Amino acid sequence: WGAPISIMMAFMHQESRFVAGAKPPRTKIWGIIPGPRASDAYGYSQAKNDTWDWYKRKSGNHGADRDKFEDAIDFVGWYNHTSNKRLGLSKSDAYSLYLAYYSGHGGYARGTWKRSSAIKGYAKKAARQAAIYKRQLRRCKV
């Protein structure tokens, strides 16, 4: 997909800390009883059901599983490639790509992230982590 490995890895670190079966926390009813989860996001990439199904249709990776590392990293690369094509974002702009990843393409285009210091903070953390991974990868021997 032409997406830098360092950025894809940073997104997965930000989303799940590389936990295969990661899920969003449950809400609490009356502060103590576990309620529903805030989202149906799941796996390394924290992809939602509809977005994962879209990825499988468009990529041709019909047997992909969100809790398989190789499928999840391919999803992140595909999503960033799609953000590049749909939104004109540079594949090397970790900050903007993460805003689109977190907000969705429609949310990014509408600028919903502009009103959230939390989302901008998540994107800054992901961009910093991508820079760390980029430096580490340069030192790797092939």
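Because the structure is a prediction, the values reported are computed rather than measured.
- Ring geometry for W113 versus Y95: interplanar angle over 60°, hence perpendicular rather than tilted (30 to 60°).
- For the pair T112 (side chain) and G107 (backbone), a donor-acceptor distance under 3.5 Å is present.
- Side-chain atoms of R37 never come within 3.5 Å of backbone atoms of P25 as a donor-acceptor pair (strictly under, hydrogens ignored).
- Of the possible donor and acceptor atoms, none in the side chain of S16 sits under 3.5 Å from a partner among the backbone N and O of A22.
- Y44 and D67 share no side-chain donor-acceptor pair at under 3.5 Å.
- Around atom NZ of K23, no more than 12 heavy atoms belonging to other residues, nucleotides or ligands sit under 6.0 Å away.
- Judged by distance alone, with hydrogens and angles left aside, the side-chain atoms of D65 form no donor-acceptor pair with the main-chain N or O of K68 at under 3.5 Å.
- Listed by chain and number, the hydrophobic cluster partners of I29 are W30, I32, I33, where partners are ILVMFWY side chains within reach of under 4.5 Å, directly or through others.
- I132 and M9 are not part of a single hydrophobic cluster, where members link through side-chain heavy atoms under 4.5 Å apart.
- Classification of the F75-W52 ring pair by plane angle, with boundaries at 30° and 60°, yields tilted.
- Within 6.0 Å of the NZ atom in K58, the count of heavy atoms belonging to other residues, nucleotides or ligands does not exceed 12.
- Tested against Y55 for a side-chain hydrogen bond (donor to acceptor under 3.5 Å, both in side chains), the candidates D50, T82, D74 yield a single pass: D74.
- Applying the 6.0 Å contact sphere to NZ of K48 captures no more than 12 heavy atoms from other residues, nucleotides or ligands.
- Checked by atom type, the side-chain pair Q129/Y98 shows no donor-acceptor distance below 3.5 Å.
- Side-chain contact check for S96 and D93: at least one donor-acceptor pair (N or O, by modelled atom type) lies under 3.5 Å.
- Aromatic ring pairs are classed by plane angle as parallel below 30°, tilted from 30° to 60° and perpendicular above 60°; the pair W78 and W1 is perpendicular.
- The closest donor-acceptor contact from the side chain of K120 to the backbone of K114 lies under 3.5 Å.
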